[in-house]
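This report concerns only the one structure given below.
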Protein chains: 2
Amino acid sequence: MPNQTFFNLPDKKRQKITDLAILEFAHADYDTASISNIVKQAKIAKGSFYQYFADKKELYLYVVNLAYDQRIAFIRENHPTPEPRDFFESLRWLFHVSVQFNLQQPLLTQVINRAAYGDSPVKKILLARAQATARQYIQDLVQKGMAQGDLIPTIDPDLATFIIVTASDNLKYYIPQKLGVETQKIAEDADFELNMQAIDHIFDQLVQVFKRGMGQR
Amino acid sequence: MPNQTFFNLPDKKRQKITDLAILEFAHADYDTASISNIVKQAKIAKGSFYQYFADKKELYLYVVNLAYDQRIAFIRENHPTPEPRDFFESLRWLFHVSVQFNLQQPLLTQVINRAAYGDSPVKKILLARAQATARQYIQDLVQKGMAQGDLIPTIDPDLATFIIVTASDNLKYYIPQKLGVETQKIAEDADFELNMQAIDHIFDQLVQVFKRGMGQR
DNA sequence: TAGTGATATGACCATAAAGTCACATTTATA
DNA sequence: TATAAATGTGACTTTATGGTCATATCACTA
C-alpha cells in the first residue's frame, strides 16, 4: 500500500501520478516500465515519488489492483435486467459487458492482461488476484448453472469453467482479427455500431457452441 | 541468421551456446534475458558472441525459430497410426502429442510460450511464425473436418479454430492445476503413468465437449 | 618457416535504470 | 511570529546492460 502521504496529496496531483503510472504499465511490462519516466511526465522529483511508494513493486501492485477493482465494479454496475433465465444467458451478458469494459478502459485492460501473462516479482500475488475475479465469477455461474440443471450433470465443472474462461480471455485476439480492426480502434471507429453488432454476433455463435457442447437438452 | 562463423564452430561448443541461450530465454523474457550471462555461462568472450550474432534480436529469433522447428518436427514424427477416422480423433491425438512435447521439451515450450505472449522487438515476426504453426495446423484440420461433414456446416470455421486453439494453448494452466502438480514436475514424478492417464482423461472430456458442441450428429 | 585470413578476447563505452539522502521548502501548530 | 513536522527536491550512487574494438592467437597455405 502507498504511504499515507500519497493519499494526502491534492486529488488532481494524485490522479495525475496514478494515470501516468497506469499509462506506463499499460505500455510496457514490469521490467521495462520506468519510474524515472513516470516522475518526469508527472513533473515531480524522484525523491517525492519514493515518499509515496516504497518501491517499484508497491506502485505496480497498486496499479494492478486498481485495474482489477475497476473491472469488478464495472461488471457489478452493469448487471443485466431482467435477471438472466439460465446459465447461457448469463454467459452471453458477461461476454458483452466484458468487451464493453475493454473498449471503455483500454489502458486498464492492458494492465490486467500484462499482469496475467507477464513476469514480475509479484507474479504469484497477481495470479491469486486474477483467480479471485473473472475466473471465480464464471466458476460461480457454472456451479449455479449445474444446480439449476442448465448444464449436463456429467461435465466436470472445472473443465467447463476452464473452457469458458480461456475462450473469454482470448476473445481479445479473435475479435479484432475477425473484424479486421485493431482493438484500440474499435471505440473510435466510425462504424462503431456496425462493429458492435458483429461482435455480438460472434458472442451469439460462441455461446451457441457452448450450449450445444455442455447444455442440457 | 547467425554468422557462418557460428556454424563453423565445433559442434560441442555451438551446442553449448545454443543450449545456454535456450535456457536463458526460457527463464526470462526478452528484456530480462542477458547476453552477458550467456557468455559467462558458456565461458566465451563477449566479443566472440558478437562475431556469431549481430545482436540480441538475432540470437532471440534464432532460438525461438529453433523451438518452433523442433515442435513441428516432433508432431510430424508422431503422426498417428492408424490414420484418424474423423476430425475429433485427429484432435484427440494432437492434444496428446502436444503435451508429450511439452513434457519432453519443457525449455523449448517455455521459449515458445514467452514468444507468444511477451514483449520483444520482434513480436510481429514471431506472431506470424506462431500463426504458421499450431494455429495453421488446426485450421487445416477444421477445414478438412468440415469438408468431410464431421463438423456442423453452420459453424464459422474461424470460430471453431479459435475455440480449439485457445483451449489447447491454455491446457498448460489447467492440467497442473487439476492434477495438483507443477508442469515441470510431471515428467520426473514417480506417478508419471498415473498422471498421464489423468491427462488423457481430461483430453477425452474436452474432445467430448467439442464433439457435442460442433460435431455433426 | 613466413605470412595471411579467420577467430578469440576482455577491457571499455554509452546508457539507463532503481533507489538514496542531505538539504530546501511548505504547512500546521502553539 | 517562532518552532516543528511534513513534504518536496534532484544530484548522486550503484548496478547492469548491450554493444565495440584494438589487439592477440590460431590454423592453414605457399
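Lettering follows sequence order; numbering is per chain, from 1.
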Could you give the [atom1]-to-[atom2] distance, from [X] to [N], as a whole number of Å?
X     : N      : atom1 : atom2 : value
A:Y50 : D:dC12 : OH    : P     : 19 Å
B:K56 : D:dA16 : NZ    : P     : 15 Å
A:L9  : D:dT7  : CG    : C1'   : 9 Å
B:D29 : D:dT17 : CG    : C1'   : 14 Å

For B:Q100 and B:N78, does a side-chain donor sit closer than 3.5 Å to a side-chain acceptor?
->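 Absent: no donor and acceptor within the cut-off.
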Would B:N37 and B:E24 count as having a side-chain donor-acceptor pair, cut-off 3.5 Å?
->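 Looking only at side-chain atoms, B:E24 and B:N37 do form a donor-acceptor pair, the distance falling under 3.5 Å.
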Heavy atoms only, 4.0 Å cut-off, all strands: where does [X] land among base, sugar-phosphate and nothing?
X     : value
A:Y52 : sugar-phosphate
B:K46 : base
A:N8  : sugar-phosphate
B:A33 : sugar-phosphate
B:F49 : nothing

Could you pull out the closest heavy-atom pair between A:P121 and A:K57, with the gap in Å?
->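 Looks like CB-CD, 3.8 Å.
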Non-hydrogen atoms of B:V64 and B:A115 that approach each other most closely |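 Shortest heavy-atom contact: CG1-CB, 3.8 Å.
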Tell me which of A:Q51 and B:T5 sits closer to the 5' end of DNA chain C, going by the nucleotide each one is nearest to.
->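 Its nucleotide being nearer the 5' end, the pick is B:T5.
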Opening and closing nucleotides of DNA chain C in contact with chain B, under 4.0 Å to non-hydrogen atoms =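 Taking any atom under 4.0 Å from a heavy atom of chain B, the span is C:dT7 to C:dG10.
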Taking NZ, NE, NH1 and NH2 as the nitrogens, is one of them in A:D11 or A:R14 under 4.0 Å from a carboxylate oxygen of the other?
->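 Salt bridge flag = yes for A:R14 with A:D11.
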Residues B:D69 and B:R129 bridged, charged N to O under 4.0 Å |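 Answer for the salt bridge query: yes.
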Within 45° of the ring axis of B:F87 and under 6.0 Å from its six-membered ring centre, is that where the NZ or CZ of B:K144 lies?
->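 Judged by the rule, B:K144 and B:F87 form no cation-pi pair.
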Where the side chain of A:K13 is concerned, which of D:dG8, D:dG19, D:dG10 is the nearest nucleotide?
->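 Minimum distance to the A:K13 side chain belongs to D:dG8.
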